[in-house]
Amino acid sequence: MRYSQYLLPTLKETPADAEVISHQLMMRTGMIRKAAAGVYSYLPFGLRSIRKMEQIIREEMNRAGAIECLMPMANPAELWQESGRWEKYGKELLRFKDRKNADFCMGPTHEEVVTDIIRNTVSSYRQLPLNLYQIQTKFRDEIRPRFGLMRGREFIMKDAYSFDLEDAGADQSYQKMYQAYRNIFNRCGLKFRAVEADSGAIGGNFSHEFMVLAESGEDAIVSCSHCEYAANVEKAELVYRQQTPARATAELQRIDTPGQRTIEDVADFLDLAPSQVVKTLIVQTSADEVVAVLLRGDRELNSIKLANVLGVDWALLAEDEVVRTATGAPVGFAGPVGLQLRVIADAEIEGMADFVVGGNAEDVHYLGANHGRDFPVSCFADIRQAVAGDPCPRCEAGAFESWRGIEVGHVFKLGIKYSEAMNATVLDAHGKAQLLVMGCYGIGVGRTVAAAIEQNHDENGMMLPMPLAPFQVLVTMLNPKDAEVCEAAEKIYAELQELGVEVLLDDRDERPGIKFKDADLIGIPLRITVGARHLKEGNVELKRRAGGEQDIVPLADITSRVHQLVVEALKVTTKS
Ligand code: ATP
Ligand code: MG
């Protein structure tokens, strides 16, 4: 491709509405343009990366035994009414009517359509297992479309649906997809974690989210430094190994702590570490109960875990007024001693003795407090937020590392949710009708490319890895008016194309400074610069965009050398 005849509308300025780097760079490199909020056109340069992503997905899905199909964007309402989601899906589902006044929606996902296909085409267990996938445009009327392709309203997704006769088979289908996803994101050169989204529900439905690690990610996750365990911070399990039983040695002692409200204040005042203070949170629940929650001073409450422990929909910090009524003291002095509330303590507290707590009176705390002796605890449970350094719940050796993540893929064991609602059955070996056991598996194509940019850029521009970069090699003609330069660059361009290398030739009549700036911005992984100075010695310059090393290479060797580098960078090593 010749730059002079290509559509590459690069921007010097960052568009005002682009908050994250991938959105900024996709706009600045001319990969995408906005048509409406969350609705984008893929310009030629962007489409090349999108298509590469799709191709990697396709190859790995095929390798895993899934079969490609393509379902309609326009979904008839009847199917969605059968599953019950026509009512339940809410405003993300874009509904419309055709000229006959029949209801339709734009497919935001395709469980209904695919289940309908299978129930009408598959009748015997002998035809199973089956996994159908498509790479297709979805529409979800997101409340807050943002970050470019990261959270669009119209976006390309790969969605796959597996059908098995039995639960065990469905688990195998799930495992195959799990491994295919690992292969896909590895091939893209991404740093990612497969995060347990619904931990440990054995035999039931379970799911993993694939998270690309990036500062701009919406999710906080932890992963083990040693094994494959990873989880959303909200769900990460905590373990307390070798917890020594707490033994009280100190007397309970009431002390004055004038004006010391926060844990840090109190710890400083008493010359202790915050971890030696126990904080008491007054929490109100959806069941209209007020409870006291104890946590080590330096820990954060995980209100989702707490709500699960209490068996309620939500459990949130109580209003000041409720705290005052419950403790008889202003906010900042709550404590468990003498408190007339149920006390839930974080599991960690069980191993603590002789700690500091609030005194339920202004400017008062207790030293030497001990659970059991000085106040009752109704239950000890895992209710705190996981942090980096916490021991792994699955292996003995590892500890948590913490990250932010972008969810690029999701594998989900659905069970019989849709087959039951839509009566999708096959006959088993005994001629008996059995509901199909399903799984569904999604990957956001545009979101993954965006996430790859989040992980691969510098202050000068994009640095997409070879498998996703729009072109593999950029040949820059430093002075197109110099006949020798022109001839050498054209020759390299032609030879590389002959070798099947994807090459962009910067043949524009622009100053070198502009060409170099654009080259950094669009970030094609390998860059050959042809200029009069090196050419005089029979050489050209070879540079990698990431890392920036520069080599002077004889003109005669350049194309074979570059071809080899491309082949190496694309070498596929996958597991099945
Ligand atoms: P999120 O929590 O980010 O809204 P989701 O749980 O709704 O995601 P799924 O229904 O599991 O997402 O969709 C499968 C994949 O499709 C996601 O992992 C993500 O990569 C992608 N995806 C979902 N919503 C969007 C969107 N609005 N824009 C771009 N990609 C999306
Ligand atoms: Mg969503």
Side-chain angles (χ1 to χ4, degrees), residues 19-20 22-23 26 31-32 34-40 42 46 49-50 53-54 56-57 61 73 83 85 88-94 105-114 133-162 174 177-178 180-182 184-185 188 190 192-198 205-214 216-221 232 234-235 404-414 417-418 438-455:
E19 293 167 61
V20 296
S22 56
H23 186 194
M26 281 187 159
M31 289 182 113
I32 56 169
K34 181 160 107 179
V39 180
Y40 290 86
Y42 306 98
S49 286
I50 295 285
M53 185 67 226
E54 293 176 354
I56 291 172
I57 293 172
M61 292 303 289
M73 256 189 105
S83 72
R85 285 208 286 187
K88 277 199 212 117
Y89 211 97
K91 289 194 167 174
E92 261 188 40
L93 189 65
L94 184 67
C105 65
M106 299 277 258
T109 174
H110 281 74
E111 284 81 2
E112 283 79 359
V113 176
V114 77
Y133 79 97
Q134 63 175 345
I135 297 173
Q136 191 244 18
T137 300
K138 300 277 182 272
F139 196 98
R140 293 183 182 178
D141 202 352
E142 301 268 355
I143 303 187
R144 220 149 79 82
R146 58 190 181 140
F147 303 159
L149 299 192
M150 202 83 93
R151 185 171 296 284
R153 291 195 297 164
E154 186 176 302
F155 59 97
I156 302 172
M157 194 202 285
K158 185 286 298 176
D159 45 330
Y161 306 88
S162 66
Y174 182 93
M177 285 297 103
Y178 180 88
Y181 276 38
R182 296 196 75 89
I184 288 165
F185 299 120
C188 296
L190 293 167
F192 68 94
R193 293 287 184 282
V195 166
E196 285 184 13
D198 202 344
N205 299 346
F206 47 87
S207 90
H208 283 87
E209 289 168 351
F210 285 76
M211 297 278 185
V212 166
L213 308 179
S216 59
E218 287 180 343
D219 294 86
I221 65 175
N232 215 299
E234 274 151 16
K235 298 204 170 115
R404 294 205 70 82
I406 300 168
E407 184 204 315
V408 289
H410 194 179
V411 291
F412 202 99
K413 189 179 162 206
L414 281 168
K417 183 172 169 197
Y418 293 92
M438 290 174 60
C440 68
Y441 317 93
I443 293 180
V445 173
R447 188 183 283 186
T448 307
V449 173
I453 296 175
E454 292 291 328
Q455 255 182 20

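Counting convention: from 1, in listed order, for ligands and their atoms alike. Quick caveat, the model's predicted, so the values are computed rather than measured.
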With heavy-atom distances below 4.5 Å as the criterion, would you say the side chains of R140 and T109 are in contact? yes
Which residue and heavy atom of the protein sit nearest atom 21 (C) of ligand 1, plus the separation: G444 CA, 3.6 Å
G409: numbered ligand 1 atoms lying under 4.0 Å from its heavy atoms: 18 (O)
Applying a heavy-atom cut-off of 4.0 Å, say which part of R140 lies close to ligand 1: side chain, backbone, both or neither. side chain
Closest to atom 18 (O) of ligand 1 (heavy atoms only, candidates E407, H410, M157) is E407
Pick whichever of F155, F147, Y441 has a heavy atom sitting closest to atom 26 (C) of ligand 1. F155
Is the shortest heavy-atom distance from the side chain of R153 to the side chain of L94 under 4.5 Å? no
I'd like to check Q455 versus V212 (side-chain heavy atoms, cut-off strictly below 4.5 Å). Are they in contact? yes
Y40 side-chain N/O to L149 backbone N/O, donor-acceptor pair under 3.5 Å: no
Yes or no: does E209 have any heavy atom under 4.0 Å from an atom of ligand 1? no
Which atom pair, heavy atoms only, marks the closest approach of A160 to Y133? CB-CB, 3.5 Å
Measuring from non-hydrogen atoms of G152 to any atom of ligand 1, is the shortest distance under 4.0 Å? yes
V408 touching ligand 1 at heavy-atom level, < 4.0 angstrom: yes
For the side chain of K417 and the backbone of S83, is there at least one donor-acceptor N/O pair under 3.5 Å apart? no
May I ask you to check whether E142 has an N/O atom sitting below 3.5 Å from an N/O atom of ligand 1? yes
With heavy atoms only and a cut-off of under 4.0 Å, state how T448 meets ligand 1: side chain, backbone, both or neither. neither
Salt bridge (charged side-chain N to carboxylate O under 4.0 Å, His left out) test vs E218 passes for just one of R144, R146, R404, R447, namely R146
Among I221, L190, I406, which one satisfies side chain to side chain contact (heavy atoms under 4.5 Å, CB included) with L213? I221
Checking contacts here: is it the side chain or the backbone of R151 that comes within 4.0 Å of ligand 1, counting heavy atoms only? Could be both or neither. both
